[in-house]
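None of the values given here were measured: they were computed from a predicted structure.
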Amino acid sequence: MRRIFALSCGFYLLIGITSVVLGALLPVLLPHYGRGYSDGGFLLFLQFIGFLVGVLISPSMTARIGRKAMLTIALSCIVIAYILLGFLPSWNVILLLTIIVGFGSGIIEPSVGAFTIEFTENQKAVAMSKLDVFFALGALLIPAIAALFIWMNQWHLTFYTVAVLSFILMLLWITMPRPAALYLEQAGENTVTHAAGKSRYSRKQLGILTIFVIFFFIYMGLELGLMNFLPSILVERLGLQESVASLSVSILWIAMIIGRLFSGKIAEAVNYMPFLIWSTIGTLLFAVAMVFVTGQLATYVLIFGTGLFMSGLFCIALVYANVLIPGMTERTTSILIASGGIGGAILQYVTGWSMSTGPIVNTIWILAGFCLILLFTLILSHLWNMKNHAVSAPIAQQTKEV
């Protein structure tokens, strides 16, 4: 199990890399092909479409061919796609390969997340927060690597670097020791058995699922809005240079990495719902404070605090939703991650629209509004549990046990 968890961390490191590497290379990729930023947006949208397809079909692929074979296919897609991207083929081929990368990434994230949640007997939140640390590390480090290759005027080597990392991970995965492989296959069979025995959500579970679908939809809009627009917000609001403003994203990622090192243990100690509520309140307060603070140092402090409070929201909410809906981990995880992806795509457009049509402070208020909606969904889920005593009693016991 320890070997499998180490590989799972490697998978999340890779997903963190694939989620941001194209964005890091857009300033040189687009001029190379004579394309504009609208084409870059379309490129990232195609990666999201591939990711969404991979997320949605991963539960059925697990049931049909098993998790080990499915993840091997996903890794193969990523390795081959990045090798071909390194040759800098025609733009249409770039578009196709981007979809393939998204597809492979979309298979990996919910499958590994669901496996970790379902088969970690104790400290589920700790295990998931560790995975998210590696996701954040990948997203933090690959832009620096890309920047180095861009400085060397060999930026296409970034694609080969990701391909090599993916290939090493694939070798470690397919050469997994037999005991670990047998455990994985047995776990896959258990997942299929649970899914077959419980093919539909009950009305009570469907209510909880709907609430968390909204939560993940809004959360990813908040996270991606901050990641992609924070430098522009600082340039417009504080008059900073682009190079200085871009440090804000690094500060946010560093804070999230630090927070994720401790968020799992804190959530297990205080229980999931109090952790989620106080994290959301903290994020809301720091976001609102950005409206009234205009000093550079104070703004960076607020960004760091926002990252700390946001750090555990995704993984702890994912664990908590699956605790509330037992026996449907693979499907629930895929649905929630898919809703997060859709929300990220749609709400990024809303954030960009607000920046181009009104004062920058309106955009900050919109991001704060996202935090308020998150808080509302958490309160609603708590009230739903209180109303459905038949569900909440065993859930409270499960939460205490894990």
Side-chain angles (χ1 to χ4, degrees), residues 7-8 10-33 35 39-58 61-62 65 67-113 134-135 137-139 141-150 154-175 334 337-338 341 344-345:
L7 288 172
S8 298
F11 278 119
Y12 263 60
L13 178 75
L14 177 62
I15 299 306
I17 290 171
T18 60
S19 66
V20 301
V21 65
L22 269 181
L25 291 174
L26 281 184
V28 289
L29 180 69
L30 296 178
H32 177 80
Y33 285 95
R35 301 281 173 168
D39 298 294
F42 182 64
L43 187 69
L44 295 176
F45 177 74
L46 288 181
Q47 182 174 1
F48 160 72
I49 293 297
F51 178 84
L52 183 61
V53 172
V55 167
L56 293 176
I57 71 169
S58 64
M61 286 186 70
T62 300
I65 64 175
R67 187 175 279 107
K68 184 175 182 180
M70 178 185 68
L71 292 177
T72 302
I73 292 172
L75 286 170
S76 300
C77 289
I78 292 174
V79 170
I80 293 171
Y82 276 113
I83 289 175
L84 295 177
L85 283 169
F87 287 105
L88 302 179
S90 68
W91 180 252
N92 288 334
V93 175
I94 291 282
L95 297 179
L96 176 62
L97 295 174
T98 300
I99 296 174
I100 294 173
V101 168
F103 176 74
S105 302
I107 288 176
I108 291 173
E109 184 173 350
S111 179
V112 174
F134 280 88
F135 180 97
L137 279 173
L141 294 177
I142 196 62
I145 295 173
L148 176 62
F149 284 130
I150 291 172
Q154 298 290 331
W155 55 270
H156 66 285
L157 295 180
T158 309
F159 293 125
Y160 291 130
T161 301
V162 181
V164 170
L165 290 172
S166 306
F167 183 70
I168 293 172
L169 184 59
M170 185 171 69
L171 286 181
L172 294 172
W173 178 251
I174 62 179
T175 58
S334 294
I337 290 178

Can you tell me how far the [atom1] atom of [X] sits from the [atom2] atom of [Y], to the nearest 0.5 Å?
X: Asn92; Y: Leu96; atom1: CG; atom2: CG; value: 9.0 Å
X: Leu97; Y: Ile80; atom1: CG; atom2: CD1; value: 10.0 Å
X: Phe51; Y: Ile15; atom1: CZ; atom2: CD1; value: 7.0 Å
X: Thr18; Y: Glu109; atom1: OG1; atom2: CD; value: 8.5 Å
X: Leu141; Y: Phe134; atom1: CG; atom2: CZ; value: 11.0 Å
X: Arg35; Y: Leu43; atom1: CZ; atom2: CG; value: 10.5 Å

Shortest non-hydrogen contact between [X] and [Y], atoms and distance:
X: Ser19; Y: Phe135; result: OG-CZ, 3.8 Å
X: Val93; Y: Pro89; result: CG1-CG, 3.6 Å
X: Tyr33; Y: Ser90; result: CE2-C, 4.0 Å
X: Ile150; Y: Ala24; result: CD1-O, 4.0 Å
X: Met70; Y: Ser111; result: CE-OG, 3.1 Å
X: Leu56; Y: Ala338; result: CD2-CB, 3.9 Å

Ser58 and Ser334: side-chain donor and acceptor closer than 3.5 Å?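 Checked: Ser58/Ser334 side chains pair up, N/O donor to acceptor below 3.5 Å.
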Does a side-chain heavy-atom distance below 4.5 Å link [X] with [Y]?
X: Gln47; Y: Val101; value: yes
X: Ile83; Y: Phe167; value: no
X: Leu148; Y: Thr158; value: no
X: Ile108; Y: Ile78; value: yes
X: Val164; Y: Tyr82; value: no

Start with the C-alpha gap between Leu165 and Leu13, add the side-chain angles, then the distance that decides, and say whether side-chain contact (heavy atoms from CB on, under 4.5 Å) holds. CA-CA 10 Å; Leu165 290 172; Leu13 178 75; 5.9 Å; no
Can you confirm whether more than 12 heavy atoms, excluding those of Phe45, are under 6.0 Å from its CZ atom?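 No, CZ of Phe45 has 12 or fewer neighbouring heavy atoms, counting only those of other groups under 6.0 Å.
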Do Leu84 and Phe159 pass the side-chain contact (heavy atoms from CB on, under 4.5 Å) test, and can you show the C-alpha distance, the side-chain angles, and the key distance before you say yes or no? CA-CA 9 Å; Leu84 295 177; Phe159 293 125; over 6 Å; no
Identify, with sequence neighbours excluded, every residue that meets side chain to side chain contact (heavy atoms under 4.5 Å, CB included) alongside Ile99.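 Counting only residues at least two positions away or on another chain, Ile99 forms a side chain to side chain contact (heavy atoms under 4.5 Å, CB included) with Leu46.
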Holding to side-chain hydrogen bond (donor to acceptor under 3.5 Å, both in side chains), I want the full list of residues that pass it with Ser166, two or more places apart in sequence or in another chain.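 In terms of side-chain hydrogen bond (donor to acceptor under 3.5 Å, both in side chains), with neighbours along the sequence ignored, Ser166 is linked to no residue.
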Applying the side-chain contact (heavy atoms from CB on, under 4.5 Å) test to Leu44, which of Leu26, Asp39, Thr98 qualifies?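 That would be Leu26; it is the only one of Leu26, Asp39, Thr98 passing the side-chain contact (heavy atoms from CB on, under 4.5 Å) with Leu44.
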Are Leu137 and Tyr12 close enough, and set up right, to give a side-chain contact (heavy atoms from CB on, under 4.5 Å), and what steps lead you there? CA-CA 9 Å; Leu137 279 173; Tyr12 263 60; over 6 Å; no
side-chain contact (heavy atoms from CB on, under 4.5 Å), that's the test. Do Leu169 and Trp173 meet it? Break it down for me. CA-CA 6 Å; Leu169 184 59; Trp173 178 251; 5.6 Å; no
